Amino acid sequence: MLLGAIADDLTGATDLALTLTRGGMKVLQVVGVPPSGAQFADADAVVVSLKSRTIPASEAVAMSITAGKALLAAGARQLFFKYCSTFDSTDAGNIGPVTDALLALLGESRTLACPAFPTNKRTVYKGHLFVGDVLLSDSPMRDHPLTPMRDANLVRVLGRQTARAVVLVEHGCVRAGTEALRARLEAVEGIAIVDAISDADLRTIAAAASGFRLITGGSGVALGLPDVYAQAGLLRAATPANAMAAPQGRAAILAGSCSAATRRQIDLARSRGTPALQVEAAQIAQNQITVSEAADFVERNSDGLVPLVYSSADPEQVRAVQKTYGTTIAGEMIEKFMGQLAQTLAQRGFTRFLVAGGETSGAVIQSLGVTALQIGPEIDPGVPWTLSSGEGRSFALALKSGNFGADDFFLKAWDLLQ
Ligand code: ADP
């Protein structure tokens with residue numbers, strides 16, 4: 001194995017697995033911490049998807065270290081810690097603490113942090129993260145239910161999460177080319193926030209960091225890794241991404257993301273006639289809607305259509321709910337509902353699910369008993385269809401990070417399945 005990756009959420013893991021697959025690597029995505037002694041057949045890269053983005057930092061560290069140890073024991077040459085391209089975290093973590101712990105595990109003193117993903121309009125310039133044309137702190141991420149991002153200066157943001165030095169490696173240094181950047185990176189003691197505004201920058205960074213045992217960032221910075229391995233003669237002949245044989249059966253969309261992109265996707269799908277049921281946190285809390293009632297709605301409306309159940313709400317509504325129930329409880333309550341809904345629908349014969357939201361996808365995967373995912377065709381940048389394996393049947397799953405996908409994502413995704 002060349003690369004052992006640890007992703008802090010499921011949709012991020014899928015996004016990374018897709019990037020590496022497209023680059024010609026044989027990738028296995030496993031769900032949850034792998035058991036010690038796990039072997040990963042002949043995979044070039046193993047992507048472990050955790051659900052560790054918003055749990056207490058100590059738990060995220062423990063999980064990530066166990067996963068890191070399993071990957072190293074299975075022969076990983078390089079570790080990759082994957083987090084969101086919008087650097088989703090709080091002052092308590094978990095990006096800083098997990099990075100610190102993985103460096104300690106490896107006995108290393110330096111790494112880089114680069115969430116840039118230019119294809120999806122996330123760029124880093126002078127250490128500031130932009131979402132499209134605006135700073136992260138002016139983007140809808142400022143109102144994320146769990147990780148509101150109110151500071152776009154990543155040196156500052158990460159500096160609050162780690163005792164290590166956090167330094168900026170500016171765009172000029174990246175533009176100077178691989179060798180100049182390598183020299184700069186190797187002089188860093190601590191964590192380098194590296195500017196990147198284009199895919200070419202990301203490829204330079206991947207090449208310059210070839211000596212790093214740990215790389216951290218979004219899936220973008222992994223873009224150049226397959227080429228780096230190929231040029232070092234470490235990668236076998238490119239294996240094209242497999243076409244996916246999706247199981248036949250009925251389909252549903254479950255949206256637990258409150259991100260702006262997801263809310264636009266819901267609006268468009270509804271305006272084009274998608275049957276939709278909104279579940280509110282208060283209804284769930286007061287038992288005014290049960291999982292089985294929501295499943296009945298989906299079944300009733302699934303004749304030739306793909307129904308949608310969503311909890312997504314605008315920031316004001318989310319704030320009100322969080323005030324009543326507490327942020328964590330509100331989030332967990334809805335995630336549990338969506339997970340149980342997927343399970344109930346699976347029991348009723350549904351085999352195809354599109355899920356919006358990273359945490360929400362994690363909950364769905366858990367209740368469906370999925371343990372591994374194979375990457376299939378890409379719907380929009382960073383979001384492929386996947387074929388699951390695990391305890392039960394196999395499912396076709398599109399697991400969408402909240403902010404990803406074009407407005408017609410919920411409508412067009414199905415065209416890629418036979
Ligand atoms: P994203 O990928 O957009 O971050 P996630 O699923 O990761 O989406 O996170 C959204 C979080 O918000 C989840 O914990 C979800 O349960 C919670 N949530 C969803 N709808 C609501 C709502 N109406 N009020 C409060 N929290 C909500």
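Every heavy atom of this structure was used, including side-chain atoms; hydrogens, water molecules and symmetry mates were not. Computed from a prediction, not measured in an experiment: that's the story for all the values here.
Using a 4.5 Å cut-off on side-chain heavy atoms (C-beta onward), V30 and V47 make no contact. For the pair L397 and I365, the minimum side-chain heavy-atom distance is below 4.5 Å. For the pair D8 and K82, the minimum side-chain heavy-atom distance is 4.5 Å or more. Taking the side chain as every heavy atom from C-beta outward, P118 and I197 never approach each other to under 4.5 Å. With contacts defined as side-chain heavy-atom distances shorter than 4.5 Å, the pair R22/T19 qualifies. P115 has its side chain within reach of L129: a pair of non-hydrogen atoms, C-beta onward, lies under 4.5 Å apart. No side-chain heavy atom of V124 sits less than 4.5 Å from a side-chain heavy atom of F130.
S85 meets the side-chain hydrogen bond (donor to acceptor under 3.5 Å, both in side chains) test with R122; sequence neighbours excluded. For K412, the salt bridge (charged side-chain N to carboxylate O under 4.0 Å, His left out) criterion is met by D380, D408, not counting sequence neighbours. In this structure T216 satisfies the side-chain hydrogen bond (donor to acceptor under 3.5 Å, both in side chains) test together with Y83, sequence neighbours excluded. Take T11 and apply the side-chain hydrogen bond (donor to acceptor under 3.5 Å, both in side chains) test, not counting sequence neighbours, and it matches D9. Judged as a side-chain hydrogen bond (donor to acceptor under 3.5 Å, both in side chains), and not counting sequence neighbours, the contacts of S210 are R182. Applying the salt bridge (charged side-chain N to carboxylate O under 4.0 Å, His left out) rule to R110 yields the partners E189; only residues at least two apart in sequence or on another chain are considered.
Sorted by first then second residue, the ring-ring contact (aromatic ring centres under 6.0 Å, His included) pairs that include residues 301-340, not counting sequence neighbours, number zero.
Of the possible polar contacts, none joining the E108 side chain to the R213 backbone as a donor-acceptor pair under 3.5 Å is found. A distance-only check finds a donor-acceptor pair linking the side chain of S139 to the backbone of M141 [under 3.5 Å]. In this structure, the side chain of R393 does not engage the main chain of T351 through any donor-acceptor pair within 3.5 Å. S401 places no side-chain N or O within donor-acceptor distance of the main-chain N or O of F404, the cut-off being under 3.5 Å. Proximity of a side-chain donor or acceptor of W385 to a complementary backbone N or O of A246 within less than 3.5 Å is not detected. E391 places no side-chain N or O within 3.5 Å of a backbone atom of V370 that could act as its donor or acceptor partner. No donor-acceptor pair under 3.5 Å is formed between the side chain of Q231 and the backbone N or O of V228. Here the side chain of E293 pairs a donor or acceptor atom with the backbone of T290 at under 3.5 angstrom. Side-chain N or O atoms of Q322 include one that pairs as donor or acceptor with a backbone N or O of P145 at under 3.5 Å. In terms of modelled atom types and a separation under 3.5 Å, the side chain of Q161 and the main chain of G96 share a donor-acceptor contact.
K400 and T262 form a side-chain donor-acceptor contact under 3.5 Å, judged by distance and modelled atom types alone. For the residue pair Q78/Y229, the side-chain donor-acceptor check at 3.5 Å is satisfied. Side chains of E59 and S52: a donor-acceptor N/O pair is absent below 3.5 angstrom, by distance only. A donor and an acceptor atom, one from each side chain of D100 and T162, are located under 3.5 Å apart.
Contact between L235 and P226 at its shortest, heavy atoms only, is CD2-O, 3.6 Å. Contact detail for I205 and A196: the closest heavy-atom pair is CD1-CB, 3.8 Å. Heavy-atom minimum distance, A252 versus W414: O-CH2, 4.0 Å. Looking at every heavy atom in both residues, H171 comes nearest to Y125 through CB-CE1, 3.8 Å. A pairwise comparison of heavy atoms in V309 and M338 identifies O-CE, 3.8 Å as the closest pair. When every heavy atom of I55 is checked against every heavy atom of N94, the shortest pair comes out as O-ND2, 2.8 Å.
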For residues 271-282, please give each side-chain donor-acceptor pair under 3.5 Å, one per line with the distance, not counting sequence neighbours.
{"from": "S271", "atom 1": "OG", "to": "L268", "atom 2": "O", "distance (Å)": "2.8"}
{"from": "T274", "atom 1": "OG1", "to": "A269", "atom 2": "O", "distance (Å)": "3.1"}
{"from": "Q278", "atom 1": "NE2", "to": "S312", "atom 2": "O", "distance (Å)": "3.3"}

Please report, to 0.1 Å, the donor-acceptor pairs under 3.5 Å made by any side chain of residues 61-73, with sequence neighbours excluded.
{"from": "S64", "atom 1": "OG", "to": "A60", "atom 2": "O", "distance (Å)": "2.6"}
{"from": "T66", "atom 1": "OG1", "to": "A62", "atom 2": "O", "distance (Å)": "2.8"}

Which atom pairs, one a donor and one an acceptor, fall under 3.5 Å between side chains of residues 355-364 and the rest of the protein, sequence neighbours left out?
{"from": "E359", "atom 1": "OE1", "to": "K51", "atom 2": "NZ", "distance (Å)": "2.8"}
{"from": "S361", "atom 1": "OG", "to": "G357", "atom 2": "O", "distance (Å)": "2.7"}

Only distances under 3.5 Å count here; give the side-chain donor-acceptor pairs of residues 147-154 to other protein atoms, sequence neighbours excluded, each with its distance to 0.1 Å.
{"from": "T147", "atom 1": "OG1", "to": "H144", "atom 2": "ND1", "distance (Å)": "3.3"}
{"from": "R150", "atom 1": "NE", "to": "R142", "atom 2": "O", "distance (Å)": "2.9"}
{"from": "R150", "atom 1": "NH2", "to": "R142", "atom 2": "O", "distance (Å)": "2.9"}
{"from": "R150", "atom 1": "NH2", "to": "D143", "atom 2": "OD1", "distance (Å)": "3.0"}
{"from": "D151", "atom 1": "OD1", "to": "N153", "atom 2": "N", "distance (Å)": "3.1"}
{"from": "D151", "atom 1": "OD1", "to": "R156", "atom 2": "NH2", "distance (Å)": "2.8"}
{"from": "D151", "atom 1": "OD2", "to": "R156", "atom 2": "NE", "distance (Å)": "3.0"}
{"from": "D151", "atom 1": "OD2", "to": "R160", "atom 2": "NH1", "distance (Å)": "3.3"}
{"from": "D151", "atom 1": "OD2", "to": "R160", "atom 2": "NH2", "distance (Å)": "3.2"}
{"from": "N153", "atom 1": "OD1", "to": "V155", "atom 2": "N", "distance (Å)": "3.0"}
{"from": "N153", "atom 1": "OD1", "to": "R156", "atom 2": "N", "distance (Å)": "3.1"}

Please tabulate, for the side chains in residues 298-305, all donor-acceptor contacts under 3.5 angstrom to protein atoms that are two or more places apart in sequence or on a different chain.
{"from": "E299", "atom 1": "OE1", "to": "R348", "atom 2": "NH1", "distance (Å)": "2.8"}
{"from": "E299", "atom 1": "OE2", "to": "R250", "atom 2": "NH2", "distance (Å)": "3.4"}
{"from": "N301", "atom 1": "ND2", "to": "F297", "atom 2": "O", "distance (Å)": "2.7"}
{"from": "S302", "atom 1": "OG", "to": "E299", "atom 2": "O", "distance (Å)": "3.1"}

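A salt bridge links R203 and D227; the closest N-O separation between the charged side-chain nitrogens and carboxylate oxygens is under 4.0 Å. With respect to the salt-bridge test (charged N to carboxylate O, under 4.0 angstrom), the residues D88 and R53 qualify. Between K26 and D42 there is a salt bridge, with a side-chain nitrogen of the basic residue lying less than 4.0 Å from a carboxylate oxygen of the acidic one.
A distance of 6.0 Å separates CG in L373 from CG in L10, rounded to the nearest 0.5 Å. In this structure, the separation between CG on L354 and CG on L254 is 8.5 Å, given to the nearest 0.5 Å. For the atom pair CD1 of I215 and CG of L112, the computed distance is 6.0 Å after rounding to the nearest 0.5 Å. Rounding to the nearest 0.5 angstrom, the gap separating the OG1 atom in T99 from the CG atom in L214 is 6.5 Å. Taking CG of L202 as the start and SG of C114 as the end, the distance is 5.5 Å to the nearest 0.5 Å. Put simply, CG on D15 and CG on L20 are 9.5 Å apart, with the number rounded to the nearest 0.5 Å.
No more than 12 heavy atoms of other residues, nucleotides or ligands lie within 6.0 Å of CG in D133, so this atom counts as exposed by the packing criterion. The environment of Q418 atom CD is sparse: at most 12 non-hydrogen atoms of other residues, nucleotides or ligands sit within 6.0 angstrom. Within a 6.0 Å radius of CD in Q286, other residues, nucleotides and ligands contribute more than 12 heavy atoms.
Aromatic ring orientation, F353 versus F395: tilted (interplanar angle from 30° to 60°).
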